[in-house]
Structures are given as structure tokens and as C-alpha cells.
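The basis for the numbers below is simple: all heavy atoms, side chains too, and nothing from hydrogens, waters or symmetry mates.
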Amino acid sequence: MPELHILTWVALGCAGLLLAGWICVTAMAPSPARTSIEWFSATALFAALFSYFLGLCRRQWEAGNTALLVPFGFLATVFGLGLLVSLVKSFRTLRRGASAESSATH
């Protein structure tokens, strides 16, 4: 089996968390717990995409390919910022309870 970089393991783990959260949200009635799971699943989505594009940036950096490093770096930045926003929203739903306007799916 080929050795995988740590970013690949992070992306795969986050994809698994996303899938588990999606299944839980699908089966739950609207509640504060469901809203928290929605936000943590959104965080897992952004973490998976950030890890994926950061890994692509690393590969392009090692190969010396600037033409692909720039767009992958841009996407890694966008998903990294989305990760930060979803982390803040996730912890806010835990701290003061979920409200209807803070849902990750609307």
C-alpha cells in the first residue's frame, strides 16, 4: 500500500465525519442538537476541502509548477476561510444553543 501524506488522512477522516453527520441530520427532527451537528458537518466539509487543496498545493510546490500552485492556493485559501467561519459558528451553537437563523443548511 502506498504511503499517504497526513493531509490525505485528514481529508479522509473529515469526509467520514461529514458522511456520519449527514446521516444523523437526515434522521433527526429540527432541534438545537441537529443544528449543532449541521454546523460541525459543515466544518468537516470545509476541513476536508482545505486539506485536499493544501495537499495539491504541496505537490505543485514540490514539482515547481507555479501555474497550478496559484489556483490551488486560491482554493485552499477560500476553503480555509470557510473552515474558520464554520468553526466559529459551530462553537457558537454549542455555547448559546441553536437558533433558527443559525442553521447551516439554510
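- Evaluation of the side-chain hydrogen bond (donor to acceptor under 3.5 Å, both in side chains) rule for S51 yields no partner, not counting sequence neighbours.
- With sequence neighbours excluded, the residues satisfying side chain to side chain contact (heavy atoms under 4.5 Å, CB included) with I23 are L19.
- Under the 4.5 angstrom side-chain criterion for Ile, Leu, Val, Met, Phe, Trp and Tyr, the cluster partners of L84 are L81.
- For the pair W39 and L94, the minimum side-chain heavy-atom distance is 4.5 Å or more.
- Taken to the nearest 0.5 Å, the CG atom of L7 stands 11.0 Å off from the CG atom of L12.
- For residues 66-86, no pair satisfies salt bridge (charged side-chain N to carboxylate O under 4.0 Å, His left out), with sequence neighbours left out.
- Considering all non-hydrogen atoms of both residues, L17 and A44 come closest at CB-CB, 4.0 Å.
- Of all heavy-atom pairs spanning A48 and A15, the tightest one is CB-N, 4.2 Å.
- The side chain to side chain contact (heavy atoms under 4.5 Å, CB included) search around I37 returns C24, V25, M28, S41, not counting sequence neighbours.
- Test V70, L69, L75 against C57 for side-chain contact (heavy atoms from CB on, under 4.5 Å) and you get one pass: L69.
- Applying the side-chain hydrogen bond (donor to acceptor under 3.5 Å, both in side chains) rule to pairs touching residues 67-86 yields T43-S86, sequence neighbours excluded.
- Applying the ring pair (Phe, Tyr, Trp, His ring centres under 6.0 Å) rule to pairs touching residues 53-75 yields F53-F79, sequence neighbours excluded.
- For Y52, the ring pair (Phe, Tyr, Trp, His ring centres under 6.0 Å) test picks out no residue, with sequence neighbours left out.
- Residues V78 and V88 are members of separate hydrophobic clusters, defined by side-chain heavy-atom contacts under 4.5 angstrom among Ile, Leu, Val, Met, Phe, Trp and Tyr.
- Within the structure, salt bridge (charged side-chain N to carboxylate O under 4.0 Å, His left out) pairs that include any residue of residues 46-56 do not occur (at least two apart or interchain).
- Residue pairs meeting the side-chain hydrogen bond (donor to acceptor under 3.5 Å, both in side chains) criterion with at least one partner in residues 63-72, sequence neighbours excluded, are Q60-N65.
- Both L87 and F50 are members of a single hydrophobic cluster when ILVMFWY side chains are connected at heavy-atom separations under 4.5 Å.
- For R58, the side-chain hydrogen bond (donor to acceptor under 3.5 Å, both in side chains) partners at least two apart in sequence or on another chain are H5, E62.
- When all heavy atoms are compared, the tightest approach of T93 to T35 is CG2-CG2, 4.3 Å.
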